[in-house]
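Just so it is clear, the model here is predicted, and its values are computed rather than measured.
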Amino acid sequence: MKIKNFVAIGLTGLLFAVSSCQKDVFNPEAPQPENPQKFVEANTFDFSTIQTVKLSVDYSAFQTYGPVFFSVYNENPFVGEGENEHIDENITPVFEDYTDANGRYNKSVKLPAYAQHLYVVTGNFLVTKSMVEADVVNGVANVVVENTTRGVTRAAARAATHDGVNTKDISKMPQLSFIVDENGNSTGEQIYKEWFTPLGTWDSQSGAPNYLVQPGSVKPELLFTDEELEGLYATVGNALDANKPCNEVYRDQADLTLDKSSEVTITMLGGSTCWNSSLGYYYYTDNNAPQSTMDLNIIMLFPNTQDGQWKKLGANQSFNKNIGVNRGDVVQLMYYPNIANNGDLSNPTPIFPKGIKIGFILKTNAWSMQGSQYALKGYERKYNVWASSTNGASFCRVPAEDTNDYPTPILNGESRSAKFAYKKANGDKYAIVSFEDACNDQDYDDVIFALRPVNAFTPLPEVEDKKTTTVGVYAFEDLWPDKGDYDLNDAVVDFKHEKVMSKLKTENEFKIYEETFYMTTYQNYVELTSGLAFTLNTPVTPKSIEMKKIAPNSETPVAAEFERDGNVYYLTNDIKGEIGTTYILTLKYEPGQTQSELASVQPFIFRKEADGKNWEVHIPFEAPTAKMNFSYFGTKDDASVPAENRFFVRSGDYPFAYYLAGAKIESFKSTILKRANESRKINEFYPKFMEWSVSKGAKSPNWYLSPNL
């Protein structure tokens, strides 16, 4: 059986390839050994732990306004139940990427061979179904995510409940200011001043404001264009993940401060919550910053912030289709210069003075607690939570019987909002604010809105680029071409590939502008001295390549200069002498690259010889470098035939090296890396190894995930 150039690609498109056209690797036309050993029944199994899957993911049923970031897992990554459900950060995705601008993805990707049942997850709040499962069948996996919220529109919901009554009465909403009991009635314990309602009336059934900005009623610069709305949603999708804690950098920002006198509008972008909460605003200066919750003069903004797009709508419609906002609704804020004087609302103006700080407060579930037609089941009616954008102004008190479900109340009233910027290609920046409406989670995507005008507020942090990481482990036997003990622990390399994705200014897609390879050395107790090197393959020439390393017991990378020979990097001549060192190679691109254009590495171990040649060990079928001493091939236990691109193969069921896709080094510290386990074959710790090897990968592809301790 003739084996063509073997290709094995890592979890993120990482390519380990034999290429006869590369000048820096083996050339089949070079002189061969004079008397190569006759080829004898070499094992044709390449011991690869990687599969190629044609992956199709379709979120086009949702209006996502741009690419959707998604993650692929081999196991269900969610833990907890209900509102406490979240991603277990200890579970690593096997693949991550962005769809195209229409929410579709259709590419051939490389996944661990054990990934046969896939869990495709997105935290984009515009997609109302977080996870969809799919099987890999004949190398194909298809995921189509249905929009279960279609047909649930504000107009339809209002038509069912609207009675034509407009109101600004908050007498049925004591929970805006007071602690309430389990029936939603005031206990008389006041936490905030009573809210003011000068902006206008709202529908008594839905809570939809009657003071929404209408086209032509305000200056054009106070309204977002369709293109800007798309940019806002793309920014939110990149900044917030409904399944993970929000970046603390965004949560640490102070209230919005106006750098110039200006009119201000707020545009509702939506949210992801089952609760019908009320949103208000207030303002202050540095000279009269609130010292307690009773210092806030709160003006009603949106009585009911529910937009009807909750992710779990299909399983629980607890908001009773009582929808108070449409995504894109706009309200103009008004400035009442005398409001701090016992609530004097005289002389209102739309212009806020320079230096004013604008804050927001979300009263959790306030709209739902008005009466039985809005009531939620259970403790929600007694859930006394106010989430403020100002540090020290939030409040949380949950009943004693619910503290197990809500173990982390708001301590010291810290802010429960995130603040970050949407930056346009021309440099213009707009403020985005998002809220967390509960005490118990940290995703901060429950109510999200943006403000205009442009560049009016003290700058907020721009959204950080998306960083994805995939992992694996290399293991080498150092006795080749002699028979080994096949403990496969003589040189073990913890491998990590990290990519930084960003949306290009000229394209509505995300590309990779930086990728980094990390290789950390581990070695068992051996006498031979081997080095670690790798071949770098770059389909596209990087703008720059940076070399660094981290010393053992350190976390600080320092600049390094690895020995180079063409595209081969020699990291160390003595793995034993540098155990625990992390070697780092960072490639930067301009413009960014797609997955298929990324670089790849082929790690191997080596020993330099006197005549300038190398003794090398690579994974099976991978070609050596041009410095390889070919006289080793076909000797002793090796059954390589270089003329047929057969390298580093033997007749038995154990390889001399392999790459374990998706593996974490921690699982090997208790098995092959323990001193007591030296010289014990790999299958003594991983009993399914032999079944996998003998079946040539058809059975037990996950053998290395379940050690027998």
Colleague: Just by distance, with hydrogens left out, do Y65 and Q63 show a side-chain donor and acceptor under 3.5 Å apart?
Modeller: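 Yes.
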
Colleague: With sequence neighbours left out, what residues match N288 under side chain to side chain donor-acceptor pair (under 3.5 Å)?
Modeller: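 Side chain to side chain donor-acceptor pair (under 3.5 Å) check on N288 returns T285.
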
Colleague: To the nearest 0.5 Å, what is the distance between OG1 (T122) and CZ (F62)?
Modeller: 9.5 Å

Colleague: So, taking the atom named CD in E221 and the one named OG in S262, what distance separates them when rounded to the nearest 0.5 Å?
Modeller: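 OG of S262 is found 8.5 Å from CD of E221.
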
Colleague: Any side-chain to backbone donor/acceptor pair from T99 onto V68? Under 3.5 Å, distance only.
Modeller: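 Checked: pair present.
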
Colleague: Taking N304 for its side chain and Q306 for its backbone only, find out whether a donor-acceptor pair lies under 3.5 Å.
Modeller: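 It does hold such a pair.
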
Colleague: Is D329 reaching over with its side chain to a backbone N or O of V325, donor-acceptor style, under 3.5 angstrom?
Modeller: no

Colleague: Do we see a donor-acceptor contact under 3.5 Å between the side chains of S417 and S389?
Modeller: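 Checked: S417/S389 side chains show no N/O donor-acceptor pair below 3.5 Å.
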
Colleague: Whether E514 and K499 form a salt bridge (side-chain N of Lys/Arg under 4.0 Å from carboxylate O of Asp/Glu) is what I want to check.
Modeller: no

Colleague: Around atom CD of E89, are there more than 12 heavy atoms from other residues, nucleotides or ligands closer than 6.0 Å?
Modeller: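 Count over threshold, so yes.
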
Colleague: Any sub-3.5 Å donor-acceptor pair from S217's side-chain atoms to V213's backbone N or O?
Modeller: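 Flag not set: sc S217 to bb V213 has no pair under 3.5 Å.
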
Colleague: Given ring pair (Phe, Tyr, Trp, His ring centres under 6.0 Å), test Y513 with Y589 step by step and report yes or no.
Modeller: CA-CA 5 Å; Y513 68 87; Y589 300 96; 9.4 Å; no

Colleague: Is there a donor in the side chain of Y335 and an acceptor in the side chain of N347, or the other way round, less than 3.5 Å apart?
Modeller: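 No.
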
Colleague: If the plane angle is over 60° it's perpendicular, under 30° parallel, otherwise tilted; pick one for W386 and F395.
Modeller: perpendicular

Colleague: Using the rule given for side chain to side chain donor-acceptor pair (under 3.5 Å), can you reason through N238 versus Y98, listing the C-alpha separation, both sets of side-chain angles and the distance that settles it, and then say yes or no?
Modeller: CA-CA 10 Å; N238 205 30; Y98 279 95; 2.4 Å; yes

Colleague: Check the pair S415 / N391 against side chain to side chain donor-acceptor pair (under 3.5 Å), numbers first and verdict last.
Modeller: CA-CA 5 Å; S415 168; N391 264 329; 5.1 Å; no

Colleague: For the residue pair N455 and D428, confirm or rule out a side-chain donor-acceptor distance under 3.5 Å.
Modeller: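 Judged by distance alone, the side chains do pair up.
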
Colleague: Verify whether one side chain among E96 and S71 offers a donor that lies under 3.5 Å from an acceptor in the other.
Modeller: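 Short answer, yes.
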
Colleague: At their closest point, which heavy atom of L279 faces which heavy atom of W195, and how far apart are they?
Modeller: C-CZ3, 3.9 Å

Colleague: Whether E546 and K588 form a salt bridge (side-chain N of Lys/Arg under 4.0 Å from carboxylate O of Asp/Glu) is what I want to check.
Modeller: yes

Colleague: Are side-chain N/O atoms of S346 and N338 paired as donor and acceptor at under 3.5 Å?
Modeller: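 Present: a donor and an acceptor within the cut-off.
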
Colleague: Kindly compute the distance separating OG1 (T257) from CG (D286), expressed to the nearest 0.5 Å.
Modeller: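 Going from OG1 on T257 over to CG on D286, the span is 7.0 Å.
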
Colleague: Evaluate the ring planes of Y284 and Y282, with Trp represented by its six-membered ring, and classify them as parallel (under 30°), tilted (30 to 60°) or perpendicular (over 60°).
Modeller: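 Taking Y282 first and then Y284, their aromatic rings lie parallel (interplane angle under 30°).
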
Colleague: Looking only at heavy atoms, which two atoms of I298 and Y192 are closest? And how far apart?
Modeller: CD1-CD2, 4.1 Å

Colleague: So for atom NZ, which belongs to K244, do other residues, nucleotides or ligands contribute more than 12 heavy atoms lying within a distance under 6.0 Å?
Modeller: yes

Colleague: Donor-acceptor check, side chain of E263 to backbone of I351, threshold 3.5 angstrom: yes or no?
Modeller: no

Colleague: Is the distance between the ring centroids of F360 and F449 under 6.0 Å?
Modeller: yes

Colleague: Please say which of E498, H497, K496 ends up in a side-chain hydrogen bond (donor to acceptor under 3.5 Å, both in side chains) with Y518.
Modeller: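 Only one of E498, H497, K496 forms a side-chain hydrogen bond (donor to acceptor under 3.5 Å, both in side chains) with Y518, namely E498.
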
Colleague: Could you go through L223 and V218, starting from their C-alpha distance and side-chain angles, then the distance that decides it, and tell me whether this counts as side-chain contact (heavy atoms from CB on, under 4.5 Å)?
Modeller: CA-CA 8 Å; L223 299 176; V218 297; 3.8 Å; yes

Colleague: So which heavy atom on S206 is nearest to which on I323, and how close?
Modeller: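 Heavy atoms of S206 and I323 come nearest at CB-O, 3.5 Å.
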
Colleague: Is a side-chain donor-acceptor pair under 3.5 Å present for D255 with T390?
Modeller: yes

Colleague: Can you tell me how far apart NZ (K357) and CZ (F352) are? Round to the nearest 0.5 Å.
Modeller: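 Here the interatomic distance stands at 14.5 Å.
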
Colleague: May I ask you to check whether N210 and T201 show a side-chain donor-acceptor distance below 3.5 Å?
Modeller: yes

Colleague: Under a 3.5 Å distance rule, please check whether T265 uses its side chain to pair with a backbone N or O of Q332 as donor and acceptor.
Modeller: no

Colleague: Test side-chain contact (heavy atoms from CB on, under 4.5 Å) on N243 and V121; report intermediate values, then the result.
Modeller: CA-CA 9 Å; N243 307 312; V121 176; 3.5 Å; yes

Colleague: Please report the shortest heavy-atom distance between L296 and K193, naming the atom on each side.
Modeller: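 Closest heavy-atom pair between L296 and K193: O-CD, 3.6 Å.
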
Colleague: Salt bridge or not between K424 and E227? Use side-chain N to carboxylate O under 4.0 Å.
Modeller: no

Colleague: Let me see the working for L269 and V236 under side-chain contact (heavy atoms from CB on, under 4.5 Å), right down to the final yes or no.
Modeller: CA-CA 9 Å; L269 299 180; V236 170; 4.0 Å; yes

Colleague: Partners of P459 by side-chain contact (heavy atoms from CB on, under 4.5 Å), sequence neighbours excluded?
Modeller: D259

Colleague: Pairing donors with acceptors under 3.5 angstrom, does anything connect the side chains of S56 and N106?
Modeller: no

Colleague: Taking the side chain as C-beta and beyond, is there a heavy-atom pair between V249 and E464 under 4.5 Å?
Modeller: yes

Colleague: I need the minimum non-hydrogen distance between T305 and S278, along with the two atoms involved.
Modeller: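 T305 and S278 have their closest heavy atoms at CG2-C, 4.5 Å.
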
Colleague: Is any NZ, NE, NH1 or NH2 atom of the basic residue among E228 and R452 found under 4.0 Å from an Asp or Glu carboxylate oxygen of the other?
Modeller: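 The answer is yes: the pair qualifies as a salt bridge.
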
Colleague: Is it the case that the side chains of T594 and E597 hold a donor-acceptor pair, with the cut-off being a distance below 3.5 Å and no angle test?
Modeller: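 Checked: E597/T594 side chains pair up, N/O donor to acceptor below 3.5 Å.
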
Colleague: Using 30° and 60° as the class boundaries, would you call the ring planes of Y105 and F70 parallel, tilted or perpendicular?
Modeller: perpendicular

Colleague: Among side-chain atoms of R327 and Y233, is any donor-acceptor pair under 3.5 angstrom?
Modeller: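 Not at all, the side chains of R327 and Y233 share no donor-acceptor pair under 3.5 Å.
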
Colleague: Without swapping roles, check the side chain of S261 against the backbone of K354 for a donor-acceptor pair under 3.5 Å.
Modeller: yes

Colleague: Indicate yes or no: does K129 engage E146 in a salt bridge with an N to O separation below 4.0 Å.
Modeller: no

Colleague: Within the side chain of N365, is there an N or O that forms a donor-acceptor pair under 3.5 Å with the backbone of N276?
Modeller: yes

Colleague: Report yes or no: does D295 contribute a side-chain atom to a donor-acceptor pair with the main-chain N or O of S292 at less than 3.5 Å?
Modeller: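 Side chain of D295 to backbone of S292, a donor-acceptor pair under 3.5 Å: yes, one is there.
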
Colleague: Report the distance from atom CG of D241 to atom CG of N247, rounding to the nearest 0.5 Å.
Modeller: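 If we round to the nearest 0.5 Å, D241:CG and N247:CG are 11.5 Å apart.
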
Colleague: Around atom CG of N426, are there more than 12 heavy atoms from other residues, nucleotides or ligands closer than 6.0 Å?
Modeller: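 Yes - once you tally the heavy atoms of other residues, nucleotides and ligands closer than 6.0 Å, there are more than 12.
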
Colleague: Distance-only, no hydrogens or angles: does the D344 side chain make a donor-acceptor pair with backbone N or O of I339 under 3.5 Å?
Modeller: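 Between the backbone of I339 and the side chain of D344 there is no qualifying donor-acceptor contact (under 3.5 Å).
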
Colleague: Determine whether R104 and V57 satisfy the following criterion, side-chain contact (heavy atoms from CB on, under 4.5 Å), listing intermediate values before the conclusion.
Modeller: CA-CA 6 Å; R104 295 188 177 93; V57 181; over 6 Å; no

Colleague: Distance check, rounded to the nearest 0.5 Å: L199 atom CG versus L333 atom CG?
Modeller: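 Answer for the CG-CG pair, L199 versus L333, is 7.5 Å.
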
Colleague: Minimum heavy-atom separation for P209 to F302, with atom names?
Modeller: CG-CD2, 3.8 Å

Colleague: Over 60° means perpendicular and under 30° means parallel, so tell me whether Y430 and F224 are parallel, tilted or perpendicular.
Modeller: perpendicular

